[in-house]
Protein chains: 2
Amino acid sequence: MFFLKELPDEDMIAGVTADLPDVSPTHILTVLTRLRAASVLLRNIEAYLRRHGLSQTQFLAMMMIVREPDRASLSAAEIAARLDISKPVLSKALGSLADKGLIGPATSQPADRRQTQLSLTPDGQRRFDQLLPGYFQQLHAADM
Amino acid sequence: MFFLKELPDEDMIAGVTADLPDVSPTHILTVLTRLRAASVLLRNIEAYLRRHGLSQTQFLAMMMIVREPDRASLSAAEIAARLDISKPVLSKALGSLADKGLIGPATSQPADRRQTQLSLTPDGQRRFDQLLPGYFQQLHAADM
DNA sequence: CCCATATAGTTATTATGCTAACTAATTGGA
DNA sequence: TCCAATTAGTTAGCATAATAACTATATGGG
């Protein structure tokens, strides 16, 4: 997250980057502005999901299962490949979702006993469906 | 941070937001694209600073002191007002910087004994000056 | 003057991220 | 066939974020 409240002005950037000829202060300021807007949006999304008892990672993990076109379940490794987070973080997030009863093992399991196919429970699907419109509203209302 | 590797396509967004008439799929996709680019950039910046032994918050706290036009020191409360982080997080970040010898109490202290004016040590100023060009390079090279 | 209130900063607790190292199961090449 | 290497997932330990609650100091209205 990018916490800087007041961005530097172009003159300040120009002063600092005077010996970096290929760095354009105007471009830097654009990037900083978007970085700040993205961080504020992410905080809003996290707060929205938190109010409903989920972290963003938990929500996105559910989304990956829901989004899969021709299947109703995914393994942890498949979810990890679609998200960009480390294995232990995903492991904890999935454990949390299972504790809440929002995901569970799918009815049909693969032969490979290292992995478990995971699907949303009816409760999980309901919760996800409830949260999705608000999630898109947050994205829609973002100042970017 | 926003971890989704593959963004949904517009049709998928349109399907989900069909009953949200004011939400434009094109706009949502733009926001998601920028959110993802911002997250990748933030990870790169954090990795860059981490390689040099600082967190982003520690680096930005130093920047706030350096950036102050007419003074060489700030109190923790003044730094907190310029960054957008909670007091305990700032407290720990400043403690870390002091442990590393990069900041220290300023020579002149205010009468109010609750607060301490903090300034960069010569070592801290040198470290900051070394890191700043690379920091702007990261911003410059960002895909946004 | 003095106590209620506000402000500066720290400590305690919780959640989430990371890397490294671990166990268990599978696979593949000599 | 069998053991080395790979893959799935978890555990351990650390850093950083948050909120709530704490101590210490300062301020201001009666």
Side-chain angles (χ1 to χ4, degrees), chain A residues 1-5 39-40 42-61 73-100 103-106 109-118, chain B residues 1-5 39-40 42-62 64 73-100 103-106 109-118:
Chain A
M1 303 289 274
F2 181 67
F3 297 116
L4 201 56
K5 243 187 221 163
S39 294
V40 170
L42 282 169
R43 275 196 171 166
N44 290 342
I45 288 175
E46 275 163 17
Y48 165 73
L49 293 174
R50 179 80 40 215
R51 283 196 296 277
H52 295 87
L54 292 180
S55 71
Q56 192 193 195
T57 297
Q58 289 164 13
F59 180 72
L60 289 179
S73 67
L74 286 177
S75 70
E78 291 171 319
I79 296 171
R82 289 160 175 76
L83 297 180
D84 196 2
I85 55 179
S86 62
K87 289 197 302 178
V89 169
L90 183 64
S91 186
K92 284 199 76 179
L94 294 176
S96 247
L97 287 171
D99 289 349
K100 294 189 229 280
I103 64 171
Q109 289 296 326
D112 187 333
R113 280 178 315 175
R114 286 173 306 180
Q115 48 168 308
T116 311
Q117 287 285 314
L118 297 164
Chain B
M1 304 289 273
F2 181 66
F3 298 115
L4 201 54
K5 245 188 221 164
S39 294
V40 169
L42 281 168
R43 276 194 170 168
N44 290 342
I45 288 175
E46 275 163 16
Y48 165 72
L49 293 173
R50 178 81 40 214
R51 284 195 297 276
H52 294 88
L54 292 179
S55 72
Q56 191 191 196
T57 297
Q58 290 164 12
F59 180 73
L60 288 178
M62 293 177 80
M64 291 307 94
S73 67
L74 285 177
S75 70
E78 291 171 318
I79 296 171
R82 289 159 173 75
L83 297 181
D84 196 4
I85 54 178
S86 62
K87 289 198 301 177
V89 170
L90 183 64
S91 187
K92 283 200 78 181
L94 294 177
S96 246
L97 287 171
D99 289 349
K100 297 189 229 280
I103 64 171
Q109 288 297 326
D112 187 334
R113 280 176 317 175
R114 287 172 305 179
Q115 49 169 305
T116 311
Q117 287 285 315
L118 298 164

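As the structure is a computational prediction, the values presented were derived from the model and not from experiment. Below, read A as the first sequence line, B as the second, and so on, with proteins coming before strands; counting in each chain starts at 1.
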Task: Gap between atom CD of Gln56(B) and atom CD of Gln58(B) - 0.5 Å precision - done: 11.0 Å

- [ ] Using a cut-off of strictly less than 4.0 Å, decide whether Thr57(B) has a side-chain nitrogen or oxygen near OP1 or OP2 of dA17(D).
- [x] yes

Task: First encountered from the 5' end of DNA chain C, between Ser91(B) and Gln58(A) - done: Ser91(B)

Open item on the list: Rounding to an integer number of Å, can you tell me how far Leu90(A) CG sits from dG17(C) P?
Closed with: 10 Å

Task: Residue met sooner reading DNA chain D from 5', once Ile85(B) and Glu78(A) are mapped to nucleotides - done: Glu78(A)

TODO: Look at Arg50(A) and dT16(C) and indicate whether a side-chain polar atom (N or O) is within less than 4.0 Å of OP1 or OP2.
DONE: yes

Task: Side chains of Phe3(B) and Arg43(B) in contact at under 4.5 Å (non-hydrogen atoms) - done: yes

Task: Rounded distance (nearest 0.5 Å) linking atom CD1 of Ile79(A) with atom OG1 of Thr57(A) - done: 12.0 Å

Open item on the list: Without decimals, in angstroms, what is the distance between Glu46(A) CD and dT16(D) P?
Closed with: 18 Å

- [ ] Please state how far atom CG in Leu60(A) lies from atom P in dT16(C), giving the value in whole angstrom units.
- [x] 13 Å

Task: Euclidean distance, atom CG of residue Asp99(B) to atom C1' of dA15(D) [Å, nearest integer] - done: 14 Å

TODO: Give the rounded distance in Å between these two atoms: CG of Asp84(A) and C1' of dG17(C).
DONE: 12 Å

TODO: Using whole Å, report how far NZ of Lys87(B) lies from C1' of dA21(D).
DONE: 11 Å

TODO: Would you indicate whether Lys92(B), at its atom NZ, is surrounded by more than 12 heavy atoms from other residues, nucleotides or ligands within a distance under 6.0 Å?
DONE: no

TODO: Describe the nucleic acid contact of Ser86(A) in one word from base, sugar-phosphate, nothing, applying a heavy-atom distance below 4.0 Å.
DONE: base

Task: Among dT19(C), dT16(C), dT11(C), the one nearest Pro88(B) by side-chain distance - done: dT11(C)

Task: Heavy-atom side-chain contact between Leu83(A) and Leu4(B) under 4.5 Å - done: yes

Task: Contact check, side chains of Arg50(B) and Ser55(B), non-hydrogen atoms, under 4.5 Å - done: yes

Task: Nucleotide dG9(C), atom P - distance to CD1 of Ile103(B) in whole Å - done: 11 Å

Task: Rounded interatomic separation in angstrom, taking CZ from Phe2(A) and P from dT16(D) - done: 18 Å

TODO: Go through dA20(C), dT11(C), dA8(D) for me and flag the one nearest to the Ala77(A) side chain.
DONE: dA8(D)

Task: Heavy-atom closest contact (Leu42(B) atom, Met1(B) atom, distance) - done: CB-CE, 3.9 Å

- [ ] Please list residues of residues 109-117 of chain A whose heavy atoms come under 4.0 Å from any atom in DNA chain C, ordered by number; otherwise none.
- [x] Ala111(A), Asp112(A), Arg113(A), Arg114(A)

